[in-house]
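In what follows, a structure is listed as structure tokens, so that the remarks can point back to it.
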4 protein chains.
Amino acid sequence: MAPRDTFKKLEDDKQLRIMDAAIDEFADHGFKQASVNRMVQKIGIAKGSIFQYFGNKEGLFHFIFNHAVELVRHSLRQVKQETADTDFFQRIEQSLLAGIRFIEKHPRVYRIYLKMIFQEDFPLRTEFLQQVHLFSGEYLKPLVETGLARGELRPDLNVDMTVFFLDALMDRFLQAYCVSFLDAGAGLYQAPEEQIQQKVNEFIRLLRAGMGKPEGEFGQLLRE
Amino acid sequence: MAPRDTFKKLEDDKQLRIMDAAIDEFADHGFKQASVNRMVQKIGIAKGSIFQYFGNKEGLFHFIFNHAVELVRHSLRQVKQETADTDFFQRIEQSLLAGIRFIEKHPRVYRIYLKMIFQEDFPLRTEFLQQVHLFSGEYLKPLVETGLARGELRPDLNVDMTVFFLDALMDRFLQAYCVSFLDAGAGLYQAPEEQIQQKVNEFIRLLRAGMGKPEGEFGQLLRE
Amino acid sequence: MAPRDTFKKLEDDKQLRIMDAAIDEFADHGFKQASVNRMVQKIGIAKGSIFQYFGNKEGLFHFIFNHAVELVRHSLRQVKQETADTDFFQRIEQSLLAGIRFIEKHPRVYRIYLKMIFQEDFPLRTEFLQQVHLFSGEYLKPLVETGLARGELRPDLNVDMTVFFLDALMDRFLQAYCVSFLDAGAGLYQAPEEQIQQKVNEFIRLLRAGMGKPEGEFGQLLRE
Amino acid sequence: MAPRDTFKKLEDDKQLRIMDAAIDEFADHGFKQASVNRMVQKIGIAKGSIFQYFGNKEGLFHFIFNHAVELVRHSLRQVKQETADTDFFQRIEQSLLAGIRFIEKHPRVYRIYLKMIFQEDFPLRTEFLQQVHLFSGEYLKPLVETGLARGELRPDLNVDMTVFFLDALMDRFLQAYCVSFLDAGAGLYQAPEEQIQQKVNEFIRLLRAGMGKPEGEFGQLLRE
DNA sequence: GATGAATGAGTTTTCATTCAT
DNA sequence: TATGAATGAAAACTCATTCAT
């Protein structure tokens, strides 16, 4: 599960090369189809070494997985802090943008995430899905509750369902972005970078229209 | 790619048993992990026969794939016809419900679809993604254009972006449904059947709030 | 456990070559140390074939094991029948000689037997030891009981302990013979073939002296 | 073959821990299956150290082997001395009991012995069997000769064959005891401790009947 | 002298594909 | 046309041994 001391004692460069090759392999092939043979060949070390470091293939995956979770946690914590004082829709916008930046910085990690969602035979799949689920609860729910308390959201919104919708919409937005980013050249959506901000804007505008508090007393009246 | 004549000349029952076993196997294990051995054992035919009918494993997958695309096309064509006279949001609602019915009827086909999206090593992945893209163009674009022409949608909507949004939202809605449907018991979202219609309603309400034509002149005024 | 049909359908010669190589390998190296690699190389077939025939290494061993048990059973049944009319000590003598003939004919099978007794990690070891135990009960006990009933044995003998002794003595006699036979050249005991019958005679003479009914009334008196 | 000086210079405790772990491992797994990895892990020393002390796995085994032989020699010498004044059958009885005590005290050493007898790929097997053979010559032969000289044995006994018989019977007796001792619970023979002495008595009684000098002149006459 | 990371040949097992029957 | 036995490359994993520190 945790890498053996052996691995942690390696020179940093070697550690990084190993992690890099592993992330590559898992991102390209998922867990079962990933080949330790290919990894060690790419890294240029003996086959036995990987097993000395991580016990077995699953141990290696655990390590990469935990590393990825840490990356995501770090990124989310940062956004939450930095946007504490802005309004609900700005926070969502910044979260989306942070997600996009994360994918651009760690596209292979995101690919592993996507594979895990829809591939049944990952070792940590259940724990993983619970973690993802917790994200909605821990991250989005407070945002929604604060937004409601501050009067930035329509007061008739059901909290849990709103969280579900936000989770679904944001996740799918990033999926769509990621697919177009990763498949660049495959012709799908052909989303050029410059249109991203525009799409984010439109996304937020729709959210605001659907969830935001009606502006002014007329809006209020109309909805009642 | 296409099955050889030898396959088409088989008795219908045998054809169906072969397709059924193949869908099972691909849905459970993806392409590479799918085992021709297991298939022929389940079907009860000789291993060589599969290769006689389809050339190789990839040929078999092509066939199953095309069959699945046909199923989807058929389902969509039906919805489009039946809802021709209803308004935009009702058509979207009916499309969503048709999607849910499709997943419930063909869960294994949908699982193959999900696997294909995020697994790079499917043989037809590129062609597949293009097909999926075409779906947005062929299916949703006319709906949006008709909706705009009939004045059921806000006139300031950009057609292509609206199509993108609808595609993203509906697809993600079905994914969420499917995951909760397939992972029943895994604890994710735990969407009980009876809440589906409620979620669809809420989904449509949000869409209507965000995309629908503002009601009355006051709404109109407020937005300008 | 049982060999797949595939194996039984092979030409007899091939079946025999495979069994021969397997017996060789298991006799030389025991179960765990036996190498399927070496077997297939010696036989000259593809590695996969063995696994097609027997599922896995253990399956192959089961097959060889059952084959060996059958050989032993057959041999014992024959001796029992052929010596039904002779006296107790002649039956034991013939059993010993049959054992020697068996070892000379199937020395590798006997080696597998010896390995199984003292090697803990054989797959069927427990079942095997039970079988061996049954041998004492099924084969020797009736002999002893008949011997007692016919007055060929001292009437004060405890049946079970006598069976235990006979089992131990005969087994060890064959072990000693086998070791000297198999290790020919290693210098141990250096039992030349021509001395075997002499040793058997001495063995029987001792048994007779220890277990046989004292001859005449004087002997009877002396013991009382 | 002999341990390097480096080993002998270690603190006694460390030497003992190493030997203990090695005996454990060889007794449990034989030679080839024994894992140096497991040993060093249990001992808590570096893997390289074993190779520094003993050159290689075989060197380690040589050392353990010689140690075991010394243990056996010591035990036998003691019995021989202590029973110098008793009669032949009492000496045999005491030897058997000493053997049983040895197995109870060093069961792992005895297991290694048993494994070596029937496993061809032990490094020292040939030398080992010669040593065992010497045991018969060095230990039993004088006993028999003394017994004959003292008139405790039938004068018509052939010395070498009697030695062979005693060796075989006693060895097999201990094997049977050991198997029932080691396999406690496996159901073989199920010899409970309290029956051991009884079996030894019966064993000696049979020996005495077969090999002992007939009592009185009548017996003498009867046999002639 | 002690360490333990690195090595690579070895193990069993799987499976798509071929081809003689 | 249908069969299914044969193939061999590839997989994950083990472990005695070496050697730089």
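Lettering follows sequence order; numbering is per chain, from 1.
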When the distance from [atom1] of [X] to [atom2] of [N] is rounded to whole Å, what number comes out?
X	N	atom1	atom2	result
A:R17	E:dA6	CZ	C1'	13 Å
C:F51	F:dA11	CZ	C1'	13 Å
A:K32	E:dC15	NZ	C1'	13 Å
B:I43	F:dT3	CD1	C1'	15 Å
C:I50	F:dG8	CD1	P	15 Å
C:F7	F:dG4	CZ	P	19 Å
C:Q33	F:dA16	CD	C1'	12 Å
B:Q52	F:dT3	CD	P	9 Å

If you assign each of A:L10 and D:K9 to its closest nucleotide in DNA chain E, which residue comes earlier from the 5' end?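 Result of the comparison: D:K9.
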Pair partner, E:dA20 [Watson-Crick or wobble, under 3.5 Å]: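 In the structure as shown, E:dA20 has F:dT3 as its Watson-Crick or wobble partner.
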Any strand is fair game: report the nucleotide pairing with E:dG8 by Watson-Crick or G-U wobble, both distances under 3.5 Å, or none.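 By the stated definition (distances under 3.5 Å), F:dC15 pairs with E:dG8.
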Is any side-chain N or O of [X] closer than 4.0 Å to OP1 or OP2 of [N]?
X	N	answer
C:K14	F:dA5	no
A:N37	F:dA11	yes
A:Y53	E:dA6	yes

Classify the ring geometry between B:F122 and B:F61 as parallel (under 30°), tilted (30 to 60°) or perpendicular (over 60°).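 Because their plane-to-plane angle lies in the 30° to 60° range, the rings of B:F122 and B:F61 count as tilted.
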Which residue lies more 5' along DNA chain F, comparing B:S49 with A:F31 via nearest heavy atoms: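 Checking each residue's closest nucleotide, the 5'-ward one belongs to B:S49.
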On DNA chain F, more 5' by nearest nucleotide between B:A46 and D:K57 is B:A46
Is it true that B:F128 and B:Y113 have ring centroids separated by less than 6.0 Å?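 Ring centroids of B:F128 and B:Y113 are less than 6.0 Å from each other.
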Output field: ring centroids A:F63/A:F7 closer than 6.0 Å: yes
When you measure from the side chain of D:R17 to the backbone N and O of D:I43, does any donor-acceptor pair fall under 3.5 Å? yes
Within the side chain of A:K57, is there an N or O that forms a donor-acceptor pair under 3.5 Å with the backbone of A:K32? yes
Would you state whether a donor and an acceptor, one from the side chain of D:K47 and one from the base of F:dT17, lie under 3.5 Å apart?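 Answer yes: a donor N or O sits under 3.5 Å from an acceptor.
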Side chain of A:T6, heavy atoms from C-beta onward: which of F:dT1, E:dG1, E:dA5 has the nearest atom to it? E:dA5
Applying a 4.0 Å non-hydrogen cut-off, can you work out what D:N56 is touching in the nucleic acid: base, sugar-phosphate, or nothing?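 Contact class for D:N56: sugar-phosphate only.
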